[in-house]
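Everything below concerns the one structure shown next.
Chain A is the first sequence line, chain B the second, and so forth, proteins listed ahead of strands; every chain is numbered from 1.
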Amino acid sequence: MNAFMFQTNTACHDPHIGVPQIRTCKSMRELKQVHAFFVKTARTHDTTIATEILRLGATSDFRDIGYALSVFDQMPNRNCFAWNTVIRALAETQDRLLDAFFVFCKMVTEATVEPNRFTFPSVLKACAVMARFEEGKQVHGLVLKFGLVNDEFVVTNLLRMYVMCGSMDDAHVLFYRNVEGVDDVRRLVREERRGEFNVVLCNVMVDGYVRVGNLKAARDLFDRMAQRSVVSWNVMISGYAQNGFYREAIEVFRRMTQMRDMSPNRVTLISVLPAISRLGALELGKWVHLYAEKSKIRIDDVLGSALVDMYAKCGSIEKAILVFEELPQNNVITWNVVISGLAMHGKANDVFNYLSRMEKCGISPSDVTYIAILSACSHAGLVDKGRSFFNDMVNRVGLEPKIEHYGCMVDLLGRAGYLEEAEQLILSMPMKPDDVIWKALLGSCKMHKNIEIGTRVAEVLMQLAPHDSGAYVALSNMYASSGNWDGVAEVRLMMKDMDIRKDPGCSWIEIDGVTHEFLVEDDSHPRAKDIHSMLKEISNKLSLEGHMPDTTQVLLKMDEKNKEIVLHYHSEKIAVAFGLISTPPKTSLCIVKNLRICEDCHSSMKLIAKMYERKIVIRDRKRFHHFEHGSCSCMDYCRVVSPSTPPGFTNSNG
DNA sequence: TATCGAAATG
């Protein structure tokens, strides 16, 4: 009970009690009591009082939209402010955006009051979030009718509406009318605010180009902007990062940190970290972490999850766990990030432990959690455990399995050698199989050298994704490993006819904060000569250790000596050679590769780690490999060639 | 009595 409520008993009819007392309410309960008092004393017809009750009910911390709407419905004289308050409250919800538009329509049709410059931003925001282009255009018409096209807040929201609807043509027209020195704008927008107004408009426009994927237009405008705010930089950085331009995102971030009058904020760090994660740029990631601590940027759940993800993806799962354990609060995403990280690093037992901790905290695992859990089972070869988690997910947690979960199961069964069961699962699942899931099975066929199912799957894949190199490469790989060179030639001809190229292998290594990139047979690096002699040394040492190059990994028909040479120039080997000559002894090397590591490189790395006494971490397309003392953390499970024949599985190869 | 732009997981 607040101070005002205490007074009500003694001063029930005091006409001086009004708006200031309403404002003292600290909860919905108090507001309702105050409201009841005004009903009892017959003062709800007082527009100022009714509006104030409405305002608190609709926009305070303890807002209750339903209650606010009923107050609004019972108001005898709704002023413009009351309409605006309700429209804004609805526009700020998740699920009643359309009602914001309907209330606005009612306001216009009733025509007792005119919408003003505070009405339009809210209703436009609702249209923007819903991406309702037709409704937005109608509102634009009314903006013109009521003469508000030159109000900066109205224009910003109009522009944002077009941007969110993906209509860059309309956005363009509006933008250039308002930005490039039209007279009436100059008159109406006060001179000292013009710059700021333009920055916001430009930011929205840059964001629009980003949303339609036109990064070039976004960057052009960004570069032309007379002033840039921290938001401008953030839009550009997150725009690049979300569209896969990781290097560009980092380049813009670097430039930003060099500006005298510009400092990255929390959003900047959240935006740039995914790019750092993707490139595995650990040193830069550490710098970002340090910067956050130094600048007193709070590491909350959002920034925290980005940092945990960064450390995990840059190879440092230990540091990821440290950051995770320090987080002030956790939610389903922070748990998912740490569990996915553990799964990537093949730490199946930790995955199970963290899952039970997560559930003990009262947070229910989501579909993303189960992707991590199932892939951990798959990497660890825990077939029965995987099946039981899949059942748990459906029956205990009540999640509908998505195609990704079926993908994990296909991978799990396939890797373990249950190829027919995996194929049956694909054919019996409730959704249409996509190329990703067939590729998972194809990978297993390759691993177990099952040409019969493999050929069948490759043919399905060529139908489904005719321009993807995956199926062709796998098929030609299978033919090659069984010495069927005519088959290989046929597939290669098909690829040539359809102009399909295999993605070139590419690896990165970060040395002193600079990322060096190597392609297959790459000799473009300034230190190419030194790298070459190092590769020679490695190759000689490998032979002395008795390592036999696995030439079945080379798909081309060429003599064995040349195949060995090709193997030595795989991008991850070049990156390791460069790492060895560029760092002091015993330094760990961390390499990121765009494709999966090949078997020959995998077995070579184990020996290289031993011979040079280095810890080598390689992140490939799927997971992490920690090479140390001659072995790999993946336990070579993914390299199984001859599985024990599972029950009910007849091996067609005899 | 008020209103604008950016944001993490497979």
Next item on the list: Using a heavy-atom cut-off of under 4.0 Å over every strand shown, decide if A:Asp367 touches base, sugar-phosphate, or nothing.
Entry: nothing
Notebook entry, point to check: Could you give the CH2-to-P distance, from A:Trp335 to B:dT9, as a whole number of Å?
Noted result: 19 Å
Item checked: Nearest-Å distance for atom pair CZ/P, residues A:Phe624 and B:dG10 -> 12 Å
Next item on the list: Could you state the atom-to-atom distance from CZ of A:Phe104 to P of B:dT3 in whole Å?
Entry: 19 Å
Check: Hey, does A:Thr59 reach any base, or is it just sugar-phosphate, or nothing, if we go heavy atoms under 4.0 Å?
Finding: nothing
Item checked: Sub-6.0 Å ring centroid separation between A:Phe253 and A:Trp233 -> no
Margin query: Under 3.5 Å, is there a donor on one side chain and an acceptor on the other for A:Ser271 and A:Asn234?
Written below: no
Margin query: Using a 4.0 Å heavy-atom cut-off, does A:Lys622 contact any base of the nucleic acid, only the sugar-phosphate backbone, or nothing at all?
Written below: nothing
Margin query: Whole angstroms only, please: what is the CG-P distance between A:Leu56 and B:dA2?
Written below: 14 Å
Item checked: Nearest-0.5 Å distance, CZ of residue A:Arg415 to OG of residue A:Ser378 -> 4.5 Å
Notebook entry, point to check: For the pair made of CD1 in A:Ile373 and P in B:dG10, what is the distance, rounded to whole Å?
Noted result: 15 Å
Checklist line | Distance, rounded to the nearest Å, where A:Leu273 contributes CG and B:dA7 contributes P | finding: 15 Å
Notebook entry, point to check: Heavy atoms under 4.0 Å, any strand shown: does A:Arg160 hit a base, just sugar-phosphate, or nothing?
Noted result: sugar-phosphate
Note to self: Nearest whole Å is fine: how far is B:dT9 P from A:Ile371 CD1?
What the structure shows: 13 Å
Item checked: No-hydrogen, no-angle side-chain donor-acceptor test under 3.5 Å, A:Ser366 and A:Asn336 -> yes
Next item on the list: Kindly indicate, with the supporting measurements, whether the criterion side-chain hydrogen bond (donor to acceptor under 3.5 Å, both in side chains) is fulfilled by A:Asn84 and A:Asn116.
Entry: CA-CA 9 Å; A:Asn84 292 351; A:Asn116 65 7; 3.1 Å; yes
Item checked: Proximal nucleotide (of B:dT1, B:dA6, B:dT3) relative to the A:Arg55 side chain -> B:dT1
Next item on the list: Kindly say whether, by distance alone, the side chain of A:Asp309 makes a donor-acceptor pair under 3.5 Å with the base of B:dA8?
Entry: no
Notebook entry, point to check: Can you check whether A:Tyr162 reaches A:Phe133 side chain to side chain, under 4.5 Å on heavy atoms?
Noted result: yes
Check: Is the shortest side-chain N/O distance from A:Lys125 to OP1 or OP2 of B:dC4 below 4.0 Å?
Finding: yes
Check: Which part of the nucleic acid does A:Gln242 contact within heavy-atom distance under 4.0 Å: base, sugar-phosphate only, or nothing?
Finding: sugar-phosphate
Check: Are the ring of A:Phe81 and the six-membered base ring of B:dA2 within the stacking cut-offs of under 5.5 Å and under 30°?
Finding: no
Notebook entry, point to check: Contact class for A:Val368 vs. all strands (heavy atom < 4.0 Å): base, sugar-phosphate, or nothing?
Noted result: base
Check: Where the side chain of A:Asn79 is concerned, which of B:dT9, B:dT1, B:dT3 is the nearest nucleotide?
Finding: B:dT1
Next item on the list: To the nearest Å, give me how far apart CE (A:Met164) and C1' (B:dA7) are.
Entry: 13 Å
Check: If you look at every strand shown and take non-hydrogen atoms under 4.0 Å, does A:Val235 touch a base, only sugar-phosphate, or nothing?
Finding: sugar-phosphate
Check: Between B:dA6, B:dG5, B:dT1, which one does the side chain of A:Val204 approach most closely?
Finding: B:dG5
Note to self: Regarding B:dG10, can its base be found pairing with the side chain of A:Ser375 as donor and acceptor, where the two atoms are less than 3.5 Å apart?
What the structure shows: no
Checklist line | A:Ser305 side chain, from C-beta outward: closest of B:dG10, B:dA8, B:dG5 | finding: B:dA8
